[in-house]
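Worth knowing before you read on, the calculation uses all heavy atoms, side chains too, and leaves out hydrogens, waters and symmetry mates.
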Amino acid sequence: CEMAREGDIQIDRHGDNGATAEHGDTRLVCDLTEKYKRGGRVAVGHVGKLATMPGPALDNVAKRMADTGVAATVLTATDLYLGGRHTDHNVPRNVVDLNRLTELGVTCSIGSNNILNPFTPFGDGQLLRQINMHAIVTQRGNDDDVRALWDMGTSSAAKIMRKDDYGIKVGGPADLVVLDAPDPIMALRTTAPVLAAFKRGRRTVTREPVRLHRP
């Protein structure tokens, strides 16, 4: 926190992986964020220990995070793959419900921590797949919940990264991904394939839609 204050930079702190809520660091991160006045510029990654807390305790931590401006980023595939290794049955999911944290005022995002390495030996870089996986494992299926999860991979993630120019607007950077879906909710439900991508207005990816052939 001292280095971040001196260099005027943001903090991405990974922690609170584990089978119990004991020795959690998220509250400490909140205390230090408040002490060094870094609210809105700190994110905690993983936070799997929060998933082990009963509702009232989780809500208490979430309120503290919201009040001090500490965001949460769940790394779904990594957290699922590494979590629950202390037991061989009734394995816990080790993934905190970000919809619940969002409802309590915490800025949340979902991302990939590792791809095709010992921590997460699966993945293809498709962020939509991570968000879809999070919705399944936290059992969030209604349209409002799905839309909130979509925001965690788009506008909320941009907020955490302090991307003030994020979004489709005149004069914006024209960084676009076109998905084969009619709306964000269906895109997330179906893990819609990418049809095109643009970086600052220049087309960088093209994928033809699937074509069905008659017998």
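Interatomic distance, CG of Leu127 versus OG1 of Thr76, reported as 9.0 Å (0.5 Å rounding). Between the NE2 atom in His134 and the SG atom in Cys108 there is a gap of 8.0 Å [rounded to 0.5 Å]. Atoms CG and CZ, on Asp59 and Arg100 in that order, are 4.0 Å from each other to the nearest 0.5 Å. Ile11 CD1 to Arg41 CZ: the interatomic distance, rounded to the nearest 0.5 Å, is 9.0 Å. Note that the CD1 atom of Ile115 and the CZ atom of Phe122 stand 13.0 Å from one another [nearest 0.5 Å]. One finds the OG1 atom of Thr33 at 9.0 Å from the CE atom of Met65 (value rounded to the nearest 0.5 Å).
Side-chain contact between Thr73 and Ile160 is present, with at least one heavy-atom pair separated by less than 4.5 Å. Residues Leu195 and Leu179 are not in side-chain contact: their nearest non-hydrogen atoms beyond the backbone lie 4.5 Å or more apart. Side chains of Asn132 and Gln130 form no contact here, defined as non-hydrogen atoms less than 4.5 Å apart. A 4.5 Å side-chain heavy-atom check between Ser112 and Arg129 finds every atom pair outside the cut-off. A 4.5 Å side-chain heavy-atom check between Val61 and Met53 finds at least one atom pair inside the cut-off. The shortest distance between side-chain heavy atoms of Arg38 and Asp8 falls below 4.5 Å. With a 4.5 Å cut-off on side-chain heavy atoms, Thr26 and Leu28 do not count as touching. Between Ile168 and Leu176, the closest side-chain pair of non-hydrogen atoms falls below 4.5 Å.
Considering every non-hydrogen atom in both Arg140 and Asp97, the closest pair reads NH2-OD2, 2.9 Å. Across all their heavy atoms, Cys1 and Leu32 have their closest contact at SG-CB, 3.7 Å. Residues Ala72 and Val47 come closest through the heavy atom pair CB-CG2, 4.4 Å. The shortest heavy-atom contact between Gly40 and Arg162 is O-NH1, 4.0 Å. Contact detail for Arg93 and Thr138: the closest heavy-atom pair is NH1-CA, 3.7 Å. Heavy atoms only, all atoms of each residue included: Arg13 and Val29 are closest at CD-CG2, 3.6 Å.
Under the rule for a side-chain contact (heavy atoms from CB on, under 4.5 Å), the partners of Thr20 that lie at least two apart in sequence or sit in another chain are Glu22. When the side-chain contact (heavy atoms from CB on, under 4.5 Å) test is applied to Asp183, the partners found at least two apart in sequence or on another chain are Ile185, Met186.
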Query - Check against side chain to side chain contact (heavy atoms under 4.5 Å, CB included), Ile131 and Trp150 - result: CA-CA 7 Å; Ile131 305 171; Trp150 171 272; 5.9 Å; no

Query raised in the report: Stepwise, does the side-chain hydrogen bond (donor to acceptor under 3.5 Å, both in side chains) test hold for Ser156 with Thr107?
Result: CA-CA 6 Å; Ser156 293; Thr107 301; over 6 Å; no

Requested in this report: Verify side chain to side chain contact (heavy atoms under 4.5 Å, CB included) between Leu82 and Asn94, making sure each step is shown before the conclusion.
Outcome: CA-CA 8 Å; Leu82 297 180; Asn94 203 50; 5.7 Å; no

Query raised in the report: After noting the C-alpha distance and the side-chain angles of Tyr166 and Asp175, does the key distance pass the side chain to side chain contact (heavy atoms under 4.5 Å, CB included) rule?
Result: CA-CA 9 Å; Tyr166 178 81; Asp175 295 339; over 6 Å; no

Requested in this report: Given side chain to side chain contact (heavy atoms under 4.5 Å, CB included), test Val96 with Leu58 step by step and report yes or no.
Outcome: CA-CA 9 Å; Val96 68; Leu58 174 61; 4.2 Å; yes

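For Asp16 (side chain) and Asp25 (main-chain N/O), a donor-acceptor pair under 3.5 Å exists by modelled atom type. Distance alone, capped at 3.5 Å, places no donor-acceptor pair between the Asp145 side chain and the Gly141 backbone. A distance-only check finds no donor-acceptor pair linking the side chain of Ser109 to the backbone of Gly153 [under 3.5 Å].
Other residues, nucleotides and ligands contribute only 12 or fewer heavy atoms inside 6.0 Å of the NE2 atom of His23. Arg202 CZ: 12 or fewer foreign heavy atoms inside a 6.0 Å radius.
Linking Ile, Leu, Val, Met, Phe, Trp and Tyr residues whenever their side-chain heavy atoms come within less than 4.5 Å places Met152 and Leu80 in a single cluster. Grouping the Ile, Leu, Val, Met, Phe, Trp and Tyr side chains by contacts below 4.5 angstrom, directly or via other members, places Leu75 apart from Met133.
Between Arg64 and Glu34 there is a salt bridge, with a side-chain nitrogen of the basic residue lying less than 4.0 Å from a carboxylate oxygen of the acidic one. The pair Arg147-Asp143 does not meet the salt-bridge criterion, since no charged nitrogen lies less than 4.0 angstrom from a carboxylate oxygen.
The ring pair (Phe, Tyr, Trp, His ring centres under 6.0 Å) contacts involving residues 30-85 comprise His14-His46, where partners must be two or more places apart or lie in separate chains.
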